[in-house]
Amino acid sequence: MRIATWNINSITARLPRLLGWLESSGTDALCVQETKCTDEQFPYDELRELGYEAAVNADGRWNGVALISRVGLADVVKGLPGGPDYDGVQEPRAVSATCGPVRLWSVYVPNGREVGHAHYAYKLQWFGALRAAVAADAAGDLPFAVLGDYNVAPTDQDVWDLTVFEGQTHVTAPEREALAALRGTGLTDVVPRPLKYDHPFTYWDYRQLGFPKNRGMRIDLVYGNAPFAKAVSDSYVDREERKGKGASDHAPVVVDLDL
DNA sequence: ATGCCGAATCCGATTCGA
């Protein structure tokens, strides 16, 4: 089966591309982030016409995640159990479900904004809650993976120029330690192959020719447990989807599984 | 050609993103 994760930066603005990409890629289950819509605005009907059902956790103009599947959606959980509030609100940043033989999470980790900002503390708290919530499944015998926009570059090689990010979020030690702690539950970073250049960036800023100059970051990650990682036959970043007018600033990360 | 930021919202300046 083929699964993927994609920060689509508004499912409304991206709907033609989303529908076209689902068909052309033959993806069975897709994790999406930044739907930027309410549940009422979510394009359930258009997806159903292509044979997909969706589990959605979205409440308006910011954030929002979904699982889109044509191989089943069972035991849906909306939200991050035990997750922290921000400004007194539980933001829609997680949804999980069992899609055929594999249990998947779609996550949109808080950005953090600036080191020392309340949003940065919230980001680290959110990682702690995620670790606790997935620990049992990560150590389990069934294929399991947490996919999404982690808003952290795991290594120095995962940003196009480290000097640009000095003192910024996404590369700090506490954020990387939070990722390492998450892996410590039994998850492996399934690193995709790039379709061009030497590093599998997944995000390129819209501004200043970020994509043509390959000024990217690898922040969209697939963290799978041992049964999941063992089943991976291929993985790549579909940078073709980042091209042209009407692209998201993130490209889909595709994973093929012998399941 | 991969091309100089884009999306949602109290309709247009503001907020957010990484």
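All heavy atoms count here, side chains included; hydrogens, waters and symmetry mates do not. Chain naming here is simple, since letters A, B, ... match the order of the sequence lines and numbering starts at 1 in each.
- Nucleic acid contact class of A:Q168 (heavy atoms, under 4.0 Å, all strands): none.
- With rounding to whole Å, A:E240 atom CD is found 7 Å from B:dT2 atom P.
- Counting only heavy atoms from C-beta on, A:Y206 has its side chain closest to B:dC5 among B:dA8, B:dC5, B:dT2.
- More than 12 non-hydrogen atoms from other residues, nucleotides or ligands lie less than 6.0 angstrom from CZ of A:R242.
- Rounding to whole angstrom units, CD of residue A:E91 and C1' of B:dG17 are separated by 13 Å.
- When each of B:dT2, B:dA18, B:dA7 is scored by its nearest atom to the side-chain atoms of A:K243, the top-ranked nucleotide is B:dT2.
- Among the protein residues, A:D149 comes within range of the sugar-phosphate backbone only, with heavy atoms under 4.0 Å from sugar or phosphate atoms but none that close to a base.
- There is no path of hydrophobic side-chain contacts, each under 4.5 Å, that joins A:V222 to A:V191.
- Of the side-chain N and O atoms in A:T169, none sit less than 4.0 angstrom from OP1 or OP2 of B:dA18.
- Set against B:dA8, B:dA18, B:dC5, the side chain of A:K36 has B:dA8 as its closest nucleotide.
- Of the candidate nucleotides B:dA18, B:dT9, B:dA7, B:dA18 has the atom lying nearest to any side-chain atom of A:N111.
- A residue-by-residue look at A:N9 and A:H250 shows that A:N9 has its nearest nucleotide of DNA chain B further toward the 5' end.
- Distance CG (A:N151) to P (B:dC16): 15 Å, rounded to an integer number of Å.
- Interatomic distance, A:Y120 OH to A:T169 OG1, rounded to the nearest 0.5 Å: 8.0 Å.
- Counting to the nearest Å, the P atom of B:dC5 and the OH atom of A:Y203 are 12 Å from each other.
- We find the CG-CG distance between A:L257 and A:D234 to be 10.5 Å, quoted to the nearest 0.5 Å.
- Going from the P atom of B:dA18 to that of B:dA8 covers 15 Å, rounded to whole Å.
- Comparing B:dA7, B:dT2, B:dG17 by their closest approach to the side chain of A:R207 singles out B:dG17.
- Going from atom CG of A:D87 over to atom P of B:dT15 covers 14 Å, rounded to whole Å.
- Within 4.0 Å of A:G60, counting heavy atoms only, lies no atom of the nucleic acid at all.
- Proximity of A:R113 to the phosphate of B:dG17: a side-chain N or O atom is located under 4.0 Å from OP1 or OP2.
- The nearest whole Å value for the distance from the CZ atom in A:F211 to the P atom in B:dG6 is 14 Å.
- Nucleotides B:dC16 and B:dC10 have their P atoms positioned 15 Å apart, rounded to a whole Å.
- Rounded to whole Å, the distance from CZ on A:R215 to C1' on B:dC4 is 11 Å.
- At least one side-chain nitrogen or oxygen of A:N7 sits closer than 4.0 Å to the OP1 or OP2 atom of B:dA18.
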Q: Take A:D189 and A:R218 through the test salt bridge (Lys or Arg N to Asp or Glu O under 4.0 Å) and record every step on the way to the result.
A: CA-CA 12 Å; A:D189 185 350; A:R218 186 175 78 93; 2.8 Å; yes

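- At whole-Å resolution of the value, CZ in A:F42 and C1' in B:dA8 are 17 Å apart.
- A sub-4.0 Å separation between OP1 or OP2 of B:dA18 and a side-chain N or O of A:Y108 is present.
- Put simply, the side chain of A:D205 and the base of B:dA18 share no donor and acceptor less than 3.5 Å apart.
- Distances from the side chain of A:H119 to the nucleotides B:dT2, B:dC5, B:dG17 place B:dG17 closest.
- Taking side-chain N and O atoms only, A:R14 has a distance below 4.0 Å to OP1 or OP2 of B:dA7.
- Contact annotation for A:S248: no contact, since no heavy-atom pair falls under 4.0 Å across all strands.
- A distance of 5.0 Å separates OH of A:Y206 from OG of A:S248, quoted to the nearest 0.5 Å.
- Side chain of A:R61, nearest nucleotide from B:dG17, B:dT15, B:dC5: B:dT15.
- With the nearest nucleotide of DNA chain B identified for both A:S10 and A:K213, A:K213 has the one nearer the 5' end.
- Comparing the P positions of B:dG12 and B:dA1 gives a spacing of 37 Å, expressed to the nearest Å.
- Aromatic ring orientation, A:Y203 versus A:H250: tilted (interplanar angle from 30° to 60°).
- Side-chain atoms of A:K196 come within donor-acceptor range of the base of B:dT2, with a qualifying N/O pair under 3.5 Å.
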